[in-house]
Asker: 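Sharing a structure with you now.
If you're wondering where the values come from, they're calculated on a predicted model, not measured in any experiment.
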Amino acid sequence: MFISRIIMSKIQWTNETWNPIVGCSKISEGCVNCYAESLAKAPRLQKFEQYQKVSDWDGTVEFVESQLYKPLSWKTPKKIFVCSMGDLFHEDVNFEWIDKIMAIMCHCKHHTFQVLTKRPDRAVFYFNDHLPNIGLRWFALGENVAVTFKSQTPLPNIWIGVSVENQARANERIPLLYQIPAKVKFLSCEPLLEPLELLSSIPVEIDELIDNEQQIYLNDFVDWVIVGGESGSKARPCYYDWILRVVQDCKALTIPVFVKQLGSNFIHSNEAFKHKTKFKHSKKGNIEEFPNSLKVRQFPQF
């Protein structure tokens with residue numbers, strides 16, 4: 001089941017960003033023109049110590065404890081993008097930090113937390129190997145407030161997604177997403193750098209001891225897909241046909257799809273569309289300016 005709606009936000013598919021972890025390093029093709037790297041170096045963020053420490057974007061990561069408790073102050077239910085200025089499952093992020101962040105997400109059941117990673121292999125290890133071995137640990141969230149989440153995973157208010165900017169990363173990361181215990185799983189096909197094939201069967205490992213694989217399909221476990229072109233002055237091309245194919249594939253699979261933006265270097269083969277459309281913003285993220293076939297912003301509904 002899914003519903004369509006339009007929301008207005010800097011990141012159109014969320015209401016708030018929350019950055020208890022900042023800093024990252026480039027790992028794949030989608031990272032080449034990383035927006036977070038540019039933002040971290042911007043004067044308005046360089047006023048803060050955590051961004052001064054990670055500005056080289058070389059894998060240095062900072063746990064920002066002052067930001068950890070922020071969701072506790074938001075009383076109205078929100079969709080919250082976790083670590084928009086980093087990757088929660090970066091190899092240098094301490095699992096003890098992730099435990100504390102998980103405790104906050106567990107306690108704030110009125111919020112929906114959207115976790116997006118380019119490192120699903122580490123997320124698989126965290127959920128399937130680390131969590132089962134931590135024991136019944138309680139995490140203090142302030143005076144007279146503590147939470148344990150081990151027995152409650154997968155938490156119903158945590159969505160976990162992977163970035164799939166091209167077919168190679170889709171083939172690599174989607175089978176790993178299958179192995180992560182999450183109530184809602186999603187793909188972010190942004191920046192979309194080439195056509196994606198989403199209809200084919202996906203080989204997933206069922207039993208690593210006997211090297212047993214099974215062929216499944218995306219709609220067997222993926223609940224949502226985001227798609228969009230790259231933004232910025234160095235944006236690589238994103239073609240109308242590429243985005244349309246993702247939208248059509250999702251429709252065929254009955255997976256809700258959210259077209260976030262066309263991208264700063266959007267290319268449409270239709271000359272009439274090129275000449276009649278004057279975009280207000282460089283990212284081309286105003287849905288009213290999209291070709292009709294791409295005016296789709298759906299969310300999963302449960």
Side-chain angles (χ1 to χ4, degrees), residues 1-2 13 27-30 81-83 87-91 93 95 98 101-102 105 112-133 149-190 192-227 245-258 298-302:
M1 295 289 294
F2 54 86
W13 46 263
I27 191 174
S28 65
E29 300 81 2
F81 180 15
V82 182
C83 296
D87 189 327
L88 184 62
F89 294 102
H90 189 279
E91 51 271 22
V93 174
F95 277 168
I98 301 177
I101 292 166
M102 284 284 293
M105 294 192 286
T112 297
F113 294 90
Q114 300 159 308
V115 179
L116 180 61
T117 183
K118 289 184 172 72
R119 295 164 174 85
D121 51 338
R122 197 153 189 263
V124 169
F125 184 86
Y126 176 81
F127 285 105
N128 296 331
D129 293 274
H130 171 74
L131 276 189
N133 293 315
F149 57 83
K150 178 185 173 184
S151 61
Q152 301 180 52
T153 53
L155 296 170
N157 63 328
I158 298 180
W159 300 4
I160 297 183
V162 294
S163 297
V164 290
E165 62 265 40
N166 56 29
Q167 195 64 51
R169 298 304 173 183
N171 295 344
E172 169 195 334
R173 293 170 181 162
I174 292 174
L176 290 169
L177 178 63
Y178 174 80
Q179 297 178 44
I180 299 172
K183 289 291 187 180
V184 176
K185 302 181 185 184
F186 68 97
L187 306 182
S188 175
C189 309
E190 185 199 3
L192 186 63
L193 301 178
E194 66 181 35
L196 283 183
E197 168 55 64
L198 299 179
L199 295 179
S200 297
S201 62
I202 301 162
V204 295
E205 190 176 79
I206 302 301
D207 190 334
E208 62 181 10
L209 296 178
I210 59 175
D211 194 26
N212 186 20
E213 281 190 352
Q214 177 180 331
Q215 300 291 322
I216 63 173
Y217 290 88
L218 201 66
N219 56 351
D220 289 324
F221 65 99
V222 169
D223 305 289
W224 190 37
V225 173
I226 302 164
V227 62
R245 181 173 180 176
V246 171
V247 170
Q248 291 176 334
D249 285 357
C250 287
K251 183 177 180 180
L253 293 165
T254 63
I255 297 174
V257 61
F258 190 106
Q298 300 166 336
F299 286 93
Q301 182 184 16
F302 301 92

Asker: Are any of the side-chain nitrogens in Asp87 or Arg119 under 4.0 Å away from the carboxylate oxygens of its partner?
Answerer: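 Salt bridge: yes.
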Asker: Checking Glu165 against Ser28: is there a side-chain donor and acceptor pair closer than 3.5 Å?
Answerer: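 Note: Ser28 and Glu165 side chains meet the donor-acceptor criterion.
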Asker: In sequence, state the C-alpha distance, the side-chain angles, and the governing distance for Cys189 and Leu192, and then conclude on side chain to side chain contact (heavy atoms under 4.5 Å, CB included).
Answerer: CA-CA 5 Å; Cys189 309; Leu192 186 63; 4.2 Å; yes
Asker: Could you tell me whether Glu172 and Lys118 make a salt bridge, using a distance below 4.0 angstrom between a side-chain N and a carboxylate O?
Answerer: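 Judged by the 4.0 Å cut-off on N to carboxylate O distance, Glu172 and Lys118 do not form a salt bridge.
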Asker: Parallel, tilted or perpendicular: which one describes the rings of Trp13 and Phe81, with boundaries at 30° and 60°?
Answerer: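 Tilted, since the angle between the ring planes falls between 30° and 60°.
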Asker: I need the minimum non-hydrogen distance between Arg122 and His90, along with the two atoms involved.
Answerer: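 Closest approach of Arg122 to His90: NH1-O, 2.7 Å.
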Asker: What class does the angle between the rings of Phe186 and Trp224 fall in, given that below 30° is parallel, 30 to 60° is tilted and above 60° is perpendicular?
Answerer: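 The arrangement is tilted - the two ring planes meet at 30° to 60°.
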Asker: Take Gln298 and Phe258 through the side chain to side chain contact (heavy atoms under 4.5 Å, CB included) test and state the conclusion after the steps.
Answerer: CA-CA 5 Å; Gln298 300 166 336; Phe258 190 106; 5.9 Å; no
Asker: Would you say the side chain of Ile226 lies within less than 4.5 Å of the side chain of Leu187, judging by non-hydrogen atoms?
Answerer: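 A side-chain contact is absent here, since even the closest heavy-atom pair is not under 4.5 Å.
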Asker: Report yes if some heavy atom in the side chain of Asp223 is under 4.5 Å from a heavy atom in the side chain of Pro256; otherwise report no.
Answerer: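 They are not in side-chain contact.
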Asker: Can you measure from CG (Asp220) to NZ (Lys185) and round to the nearest 0.5 angstrom?
Answerer: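 So the gap between those two atoms works out to 11.0 Å.
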Asker: Does some side-chain heavy atom of Met102 sit less than 4.5 Å from a side-chain heavy atom of Tyr126?
Answerer: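 Answer yes - side chains close enough.
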Asker: Checking side chain to side chain contact (heavy atoms under 4.5 Å, CB included) for the pair Phe221/Ile174: CA distance, chi angles, key distance, verdict?
Answerer: CA-CA 10 Å; Phe221 65 99; Ile174 292 174; 3.6 Å; yes
Asker: Mind checking whether Ile160 and Phe127 have side chains closer than 4.5 Å, heavy atoms only?
Answerer: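 Answer yes - side chains close enough.
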